[in-house]
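These notes concern the structure reproduced below.
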Amino acid sequence: MKIIYCIACTCHSGGMERVLANKANYLARHGYEIVVVTTDQRGAQPFFLLEPGIRCIDLGINYDENNGKSLLNKLLHYPLKQCRHKKRLKAVLMTERPDVTVSMFNNDAGFIPGIKDGSAKLLEIHFSKFKRLQYGRKGLWRLADRWRSKQDERTVRKFDRFVVLTEEDKGYWGNLPNIMVIPNAISDIPAGTALLENKRVIAVGRYTYQKGFERLVDAWHLLASRFPDWKLDIIGDGEERPLLEQRIHAYGLDRQVTLTRPTQEIDKAYMEASILASSSRYEGLPMVLLEAQAFGLPIVAFQCKCGPKDIVSDGINGYLVPEGDIAGMAQRLEILMKDEALRKRMGLKTKESALRFNEEVIMKKWMYTFQTLKER
């Protein structure tokens with residue numbers, strides 16, 4: 001069976017890229033022919049290693065050229081790039097003739113169902129229904145986000161299958177005949193477990209508005225003087241690095257808070273940590289939380305839409321903090337930082353919870369879905 005995945009790029013270290021790499025590698029090892037089609041790769045190598053048999057095709061659309069530009073700039077350039085994108089993707093699909101074409105809800109979602117190449121069309125979303133409204137933009141941009149959210153409701157109905165990550169998000173979309181839930185999977189549940197004895201809290205993700213790391217720095221500022229020997233390590237990179245650096249320096253936290261570049265050895269970071277903190281404003285089903293559970297880390301997370309409450313049982317394997325409650329985040333972190341025995345009790349529970357997201361279990365759902373689509 002041939003599957004084509006469509007994504008903006010694979011060169012970033014984000015959760016969507018990691019999920020795609022894990023799924024594509026698993027399927028390739030099980031005899032599937034996998035092709036990854038990108039629009040903004042610009043010659044870069046995939047951040048996460050792909051199996052040798054997986055082919056990658058870049059269409060050279062480069063939507064990212066207009067990131068950060070004005071709404072007028074987007075209105076002028078986006079339609080032209082959409083036209084070019086549709087033409088080039090259609091040519092690829094007509095040549096490759098996949099059994100299933102998968103959109104990861106990027107700039108192709110609006111037109112992929114209309115390409116008549118014979119493949120079934122599947123849409124998967126890695127955020128929640130409210131993603132666009134959670135950007136936090138103002139003025140004309142907010143009106144545009146509301147309009148695009150309405151368009152999303154029409155778009156998802158055109159696909160043969162629409163896959164969301166959580167039951168929570170499924171409920172937000174309403175009673176759609178093509179909707180189903182398949183959560184992200186943990187590709188490898190390690191035999192070992194973090195000792196939870198190091199005085200180290202970690203957070204992982206791109207430095208963007210979505211991840212809200214400035215809120216985590218604010219929370220750490222409330223704790224720093226009482227826990228001078230504890231460290232916060234925020235692992236990632238992105239456009240908000242300068243803003244985070246300024247905030248850390250303004251609070252005088254340079255010796256306690258570190259911004260660490262993404263690493264291929266993220267397992268080591270989990271093993272050496274004692275707590276995982278998540279300050280996201282919105283998510284889908286965060287891979288970081290799933291991976292932290294696999295290493296037995298207790299989690300403190302804002303209860304954003306969607307994902308954290310599907311992973312964290314409040315007071316059992318971590319803490320859920322009301323969205324945006326900075327003082328509450330600091331308070332829950334303090335509870336765990338002061339009590340090693342509690343961390344270890346919660347760590348045992350998180351390890352148990354991780355088994356729900358075992359790769360073999362989740363990928364069987366994907367393979368069954370692809371097979372039923374092919375038969376249709």
*Would you call E360 and K364 a salt bridge, using N to O less than 4.0 angstrom?*
no

*Going by an N to O cut-off under 4.0 Å, is there a salt bridge joining E245 and R241?*
yes

*If you measure from the Lys or Arg side-chain nitrogens to the Asp or Glu carboxylate oxygens, is any gap between E239 and R206 under 4.0 Å?*
yes

*Would you check if the distance from the ring center of W173 to the ring center of F162 is below 6.0 Å?*
yes

*Quick one: name the residues clustered hydrophobically with L195, using the 4.5 Å side-chain heavy-atom rule over I, L, V, M, F, W, Y, and just say none if it's on its own.*
none

*Between K23 and E17, is there a salt bridge with N-O shorter than 4.0 Å?*
no

*Look at the rings of Y207 and F213 and say which category their plane angle falls in: under 30° parallel, 30 to 60° tilted, over 60° perpendicular.*
perpendicular

*State whether D314 and K309 are salt-bridged, where the test is any N-O pair (Lys NZ or Arg NE/NH1/NH2 against Asp/Glu carboxylate O) under 4.0 Å.*
no

*Would you mind listing every side chain to side chain donor-acceptor pair (under 3.5 Å) that reaches into residues 49-60, with sequence neighbours excluded?*
R29-E51, E33-R55, T38-D58, R55-E96

*Does a salt bridge link K199 with D229, judged by any charged N lying under 4.0 Å from a carboxylate O?*
yes

Donor-acceptor contacts under 3.5 Å from residues 219-226 side chains, at least two apart:
unit_1 : atom_1 : unit_2 : atom_2 : d
R226   : NH1    : L222   : O      : 3.2
R226   : NH2    : E334   : OE1    : 2.9

*Please walk me through it: do S353 and N317 pass side chain to side chain donor-acceptor pair (under 3.5 Å)?*
CA-CA 8 Å; S353 300; N317 59 7; 3.2 Å; yes

_Whether the Y63 and H77 side chains hold a donor-acceptor pair (N or O, under 3.5 Å, no angle test) is what I'd like checked._
no

*Step by step, would you call E283 with S280 a side chain to side chain donor-acceptor pair (under 3.5 Å)?*
CA-CA 7 Å; E283 285 287 356; S280 294; 2.7 Å; yes

_D117 and K90 ion-paired at < 4.0 Å_ = no

*asked:* Any heavy-atom pair between the side chains of R343 and P298 that's under 4.5 Å?
replied: yes

*Please work out which of the three classes, parallel, tilted or perpendicular, describes the rings of Y26 and H30, given edges at 30° and 60°.*
parallel

*So which pairs with a foot in residues 168-179 pass salt bridge (Lys or Arg N to Asp or Glu O under 4.0 Å), sequence neighbours left out?*
none

_Between the side chains of K211 and E240, is the shortest nitrogen-to-carboxylate-oxygen separation below 4.0 Å, so that they form an ion pair?_
no

*In the hydrophobic cluster built from side-chain contacts under 4.5 Å, what are the other members alongside F47?*
F48

*Does a donor on one side chain sit under 3.5 Å from an acceptor on the other, for T166 and D310?*
no

*With sequence neighbours left out, write down each residue that passes side chain to side chain donor-acceptor pair (under 3.5 Å) with R97, or none if nothing qualifies.*
none

*Could E291 and R18 be called an ion pair, given the rule that one side-chain N must be under 4.0 Å from one carboxylate O?*
yes

*Is any side-chain N of the basic residue among D99 and K2 closer than 4.0 Å to the acidic one's carboxylate O?*
no

